[in-house]
Amino acid sequence: MKHERLKRILIILSLVLAAEVVTMCVLITMETNRRNQSYLPTHTDWLLFTEPTQPSTEETTLPTEDTLPPETTEATEPHPESHILTFAGDCTLGSAPSMFSVDSSFVKTVGTNYDYPFANVKDIFENDDFTMVNLEGVFAESGNAQSKLFTFRGPIAYTQILTGSSVEAVTLANNHSFDFGQKGYDSTKNALDEAGVSYVEENKIRIFTTERGLKIGMYADAFNFSVDDIKENIQKLKDAGAQVIVCAFHWGEEGKYRPGQAQQDFAHAALEAGAHIVYGHHPHVLQRTEQTEQGVILYSMGNFSFGGNTAPRDMDSAIAQVEIIVDPDGTVQVGKLELIPTRISSVENYNNYQPTPYEPDTEAYDRTMEKLNGTFTGPDLTVDYEEEETEPTTEATTEATTEATTESTTEITEPSTETTDPSVEETEESAQSTGETETT
């Protein structure tokens, strides 16, 4: 019995040992086969057996605006452009030669302070696209005064009054551009050229291009007008590429607050021919403004910085700003008209030649607006002097090639409107042989 149990134990142990041997043989065989056969490692084999890489020494390039993909933006519709054109009245930037040493004269008051005359309106002139005034007088260092009642002259350096306050253009079509003859007129033009101030002469045209690229065509005339001349010169400006056309007309009666019929007829003829703005001067007082579908009419802008009189009876003035709208297709239309009531002086009791805007909601402001909107009921000023005009004309030398019509030329000539200090008698300046500047 004892031997039988021992025999079974030995058999069991033999089976276990045999199983262990078999297992070991299988494992040895598998390892041998793995070592002897070619195989591709699995992803875990790469992790276990691949050599570690060294850190890269190359610089890392970050993306820039040039390498980034372009942003996609939605196309926007172009918008109309708004341009502001500013107009002010008569500027006599000088004095009668006999008054140069008088303390109350323009020359003595201004001296070399070229910013003085427009100091209180400079911000208005600088924040527009174009400013134009009527320059009544001569820029010259000397010269022979013409045989007329009033002559005005300022130093050539007075062009800095214009450039220092952003006045881009002047009209010379008036009855004082030849106060010192042809030499004085040439000196004025040369001074303006040197200063970079654009100007338009009587019965002539000129185009001025603003910093923003607006092409402004200017046509000027004085006293003698014809519809044919108006039409012809406006057409010339159109052909030359002008986008906006300004007609500067020296006309009307001194001291009259209402425009005459001839002024109205020629103004509307200009708009019908394609002008956008009619800019009037000479009466030395304000006259009403008018706006139609075709454009704006400023019948008279009165005095502004006016060195011809130390104590004018009417010191009301104005600044007119006309909006010009250019559509994306190039179409031009006149927008709003803004009027800024102004006094020709910064003080009430005399003319210190420094135009200053009136405060809104004051009696003076409202009175000036009445003159501009045509509701003023006060009497016209009475003028009791006459002046014989002897200066040569500056009519264009080219002959008109258009066929003559039956329309007659209408003369709108009136006595000179400038008055000087009544307590000072003006004398003719003696001729000097030096200091005369002529254009070549």
Side-chain angles (χ1 to χ4, degrees), residues 90-102 105-107 133-159 170-193 199-204 220-224 248-254 281-284 303 305-310 312 383-397 411-422 424-439:
D90 299 338
C91 291
T92 297
L93 306 182
S95 304
S98 60
M99 292 188 64
F100 279 8
S101 60
V102 178
S105 72
F106 184 94
V107 171
V133 301
N134 174 39
L135 180 62
E136 291 218 336
V138 172
F139 289 143
E141 300 304 326
S142 63
N144 291 325
Q146 297 295 288
S147 298
K148 50 187 296 189
L149 186 57
F150 305 122
T151 56
F152 304 112
R153 178 172 66 79
I156 290 175
Y158 277 7
T159 56
V170 301
T171 172
L172 301 180
N174 58 64
N175 55 313
H176 284 281
S177 291
F178 281 86
D179 278 358
F180 291 81
Q182 185 66 48
K183 287 187 177 181
Y185 184 68
D186 292 342
S187 176
T188 302
K189 293 195 297 180
N190 184 64
L192 293 170
D193 286 332
Y199 57 85
V200 58
E201 304 176 69
E202 185 175 339
N203 201 26
K204 292 186 179 180
D221 212 345
F223 300 125
N224 297 310
F249 289 158
H250 201 68
W251 57 10
E253 291 187 55
E254 171 189 347
H281 33 83
H282 178 67
H284 291 272
N303 292 327
S305 182
F306 184 63
N309 194 335
T310 59
V383 178
D384 56 1
Y385 66 89
E386 291 186 2
E387 176 180 9
E388 182 183 359
E389 298 296 338
T390 59
E391 68 266 20
T393 62
T394 57
E395 294 179 0
T397 57
E411 184 175 355
I412 317 181
T413 179
E414 301 295 335
S416 173
T417 65
E418 289 76 2
T419 60
T420 188
D421 190 338
V424 181
E425 180 182 359
E426 180 178 355
T427 59
E428 182 176 309
E429 183 181 20
S430 61
Q432 297 184 18
S433 59
T434 60
E436 196 77 47
T437 304
E438 298 185 38
T439 56

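For clarity, every value in this text was computed on a predicted model and none was experimentally measured. Just the heavy atoms: all of them, side chains too, but no hydrogens, waters or symmetry mates, feed the values below.
Classified by interplanar angle (parallel below 30°, tilted 30° to 60°, perpendicular above 60°), the ring pair H250/F223 is perpendicular.
Interatomic distance, CZ of R153 versus CE of M99, reported as 14.0 Å (0.5 Å rounding). A distance of 8.0 Å separates NZ of K183 from CG of N144, quoted to the nearest 0.5 Å. Separating the CZ atom in F178 from the CG atom in L172 is a distance of 9.0 Å, to the nearest 0.5 Å. A distance of 4.0 Å separates NZ in K189 from CD in E201, rounded to the nearest 0.5 Å. Between the CZ atom in F180 and the CD atom in E141 there is a gap of 11.5 Å [rounded to 0.5 Å]. Within the model, atoms OG1 of T171 and CD of E202 stand 9.0 Å from one another, a figure rounded to the nearest 0.5 Å.
Across every non-hydrogen atom of A145 and T151, the tightest pair is CB-OG1, 3.8 Å. Taking every heavy atom of both residues into account, H281 and D90 meet most closely at CB-OD1, 3.4 Å. Across N224 and D221, no two heavy atoms sit closer than the pair O-OD2, 3.4 Å.
Between the S305 side chain and the C91 main chain, no donor and acceptor come within less than 3.5 Å of each other. Using modelled atom types, one side-chain atom of S95 and one backbone atom of F106 make a donor-acceptor pair closer than 3.5 Å.
Here the side chains of N175 and H282 are in contact, with some heavy-atom distance below 4.5 Å.
Checked options D193, T188, L135; the residue passing with Y199 is D193 (criterion: side-chain contact (heavy atoms from CB on, under 4.5 Å)).
N190 and S187 form no side-chain donor-acceptor contact under 3.5 Å, judged by distance and modelled atom types alone.
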